[in-house]
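Remember, it's a predicted structure, so these values are computed and weren't measured experimentally. Computed from heavy atoms alone, side chains included, the values below leave out hydrogens, waters and symmetry copies. Along the sequence shown, the residues carry numbers beginning at 1.
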Amino acid sequence: MNAPENPSPTTTFALIPPAASTPWYWHLVADELRERGHGVITVDLPCADDSAGLEAYADIAAQTIGDARDVVIVAQSLGAYTGTLIADRVNAQLLILLTPMIPLPGESPGDWWENTGYAQARQEQAARLGWAPEQDDDPQNVFFHELSDHTVEEVTAHAVGQSGHPFQDPLPLETWPNTPTRVLICRDDRFFPVDFLRKLTRERLQIDPDEMGGGHPVALSRPVELADKLEGIWRK
């Protein structure tokens, strides 16, 4: 699953957001990548639509990417399911899974949590950091600890509901896509603890993840650093 050689100085990044998010989530990273000469496609998934499952997400993502060639898909968190599902379909040159729910073929997002031992990982993190239960349930502590108050207000203003429908759908693939795949995780991620994602990456993809600083909403907290990492992974 090594990345391909890239003689071109620029590429097109297709950005797939995490759950309950719109293309706004990527706006800082998108601007940064465009300033560097790259093409950027931001995918708007029907998060709040209870009739839309993984297949609908994949159809919309593939239609949004359209005829773009040599695309690098960047798919975050729940978006990893959509990114994995469309990687071969759109002939992507590279799939980068960011702080991802790394799926297995046939596994639903709803089953992912128990299958991966996620709850235990969160419990171990809370014990290690000395968190009270209310701290472990506090979005400000788990998600937004790197964001300014103003950015948290913006996140809240742009938040959308997340339907549970996609969580019920098994990933409709029999094998992992042929697209070269990399994983980028964040060392300060409190939602998906870093040790948990390191282990999951090695178990499920037999590769070591790339790493950077930052919490789960890293596209908002460290957009320049994230753009640097995405470019670096693509150029390897």
### Task
Given side chain to side chain contact (heavy atoms under 4.5 Å, CB included), test Tyr118 with Phe196 step by step and report yes or no.
CA-CA 8 Å; Tyr118 172 76; Phe196 164 74; 3.9 Å; yes

#### Entry: Criterion side chain to side chain donor-acceptor pair (under 3.5 Å) on Asp189 and His216, from CA distance to verdict
CA-CA 5 Å; Asp189 193 338; His216 201 70; 2.9 Å; yes

### Message
Using the rule given for side chain to side chain contact (heavy atoms under 4.5 Å, CB included), can you reason through Gln140 versus His145, listing the C-alpha separation, both sets of side-chain angles and the distance that settles it, and then say yes or no?
### Response
CA-CA 6 Å; Gln140 185 66 46; His145 54 97; 5.8 Å; no

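Side chain of His38 to main chain of Arg34: no donor-acceptor pair is present (N/O by atom type, distance under 3.5 Å, no hydrogens or angles). Not a single donor-acceptor pair under 3.5 Å links the side chain of Trp176 to the backbone N or O of Leu205. Here the side chain of Gln125 pairs a donor or acceptor atom with the backbone of Arg190 at under 3.5 angstrom. Distance alone, capped at 3.5 Å, places no donor-acceptor pair between the Ser77 side chain and the Gly79 backbone. The main-chain N or O of Ser221 is never found under 3.5 Å from a side-chain atom of Thr151 such that the two would form a donor-acceptor pair. The backbone N or O of Tyr81 lies less than 3.5 Å from no partner atom in the side chain of Thr84, so there is not a single donor-acceptor pair.
Note on Trp113: it clusters hydrophobically with Leu171, by side-chain heavy-atom contacts below 4.5 Å among ILVMFWY residues. The hydrophobic cluster containing Leu104 does not contain Tyr57, counting ILVMFWY residues as joined when their side-chain heavy atoms lie under 4.5 angstrom apart, directly or transitively. Residue Ile102 is grouped with residue Ile207 when hydrophobic side chains (ILVMFWY) are merged at heavy-atom distances under 4.5 angstrom, including chains of intermediate members. The hydrophobic clustering, which links ILVMFWY residues whose side-chain heavy atoms are closer than 4.5 Å, places Val43 and Val160 apart. Leu85 and Ile60 are not part of a single hydrophobic cluster, where members link through side-chain heavy atoms under 4.5 Å apart.
Comment: Glu203 does not engage Arg198 in a salt bridge, judged by the lack of any side-chain N to carboxylate O separation of less than 4.0 angstrom. With respect to the salt-bridge test (charged N to carboxylate O, under 4.0 angstrom), the residues Arg89 and Asp59 qualify.
Between the CG atom of Asp169 and the NE2 atom of His165 there is a distance of 4.0 Å, given to the nearest 0.5 Å. Atoms NE2 and CD, from His150 and Glu154 in turn, are 3.5 Å apart once rounded to the nearest 0.5 Å.
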Side chains of residues 13-22: which donor-acceptor pairs under 3.5 Å do they make with residues two or more places apart or in other chains?
unit_1 : atom_1 : unit_2 : atom_2 : d
Ser21  : OG     : Ala19  : O      : 3.0
Thr22  : OG1    : Trp24  : N      : 3.2

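Among all heavy-atom pairs drawn from Arg36 and Glu32, the shortest one is NH2-OE2, 2.9 Å. The heavy-atom pair separating Arg204 from Trp112 by the smallest distance is NH1-CD1, 3.6 Å. Annotation for Trp26 and Leu98: closest pair CH2-CD2, 3.9 Å, computed over non-hydrogen atoms. Looking at every heavy atom in both residues, Leu94 comes nearest to Pro180 through CD1-O, 3.4 Å. Between Leu197 and Pro100, the shortest heavy-atom distance links the atoms CD2-O, 3.4 Å.
For Asp49, there are no salt bridge (charged side-chain N to carboxylate O under 4.0 Å, His left out) partners, not counting sequence neighbours.
A side chain to side chain contact (heavy atoms under 4.5 Å, CB included) with Trp234 is found for one member of Arg182, Lys229, Gln93 and no other, namely Gln93.
In summary, the side chains of Ser163 and Asp50 do present a donor paired with an acceptor at a separation below 3.5 Å, with no hydrogens or angles considered. Using modelled atom types and a 3.5 Å distance limit, the side chains of Asn91 and Arg69 yield no donor-acceptor pair.
Here side chain to side chain donor-acceptor pair (under 3.5 Å) pairs that include residues 129-139, with residues two or more places apart or in two chains, are Arg122-Asp136.
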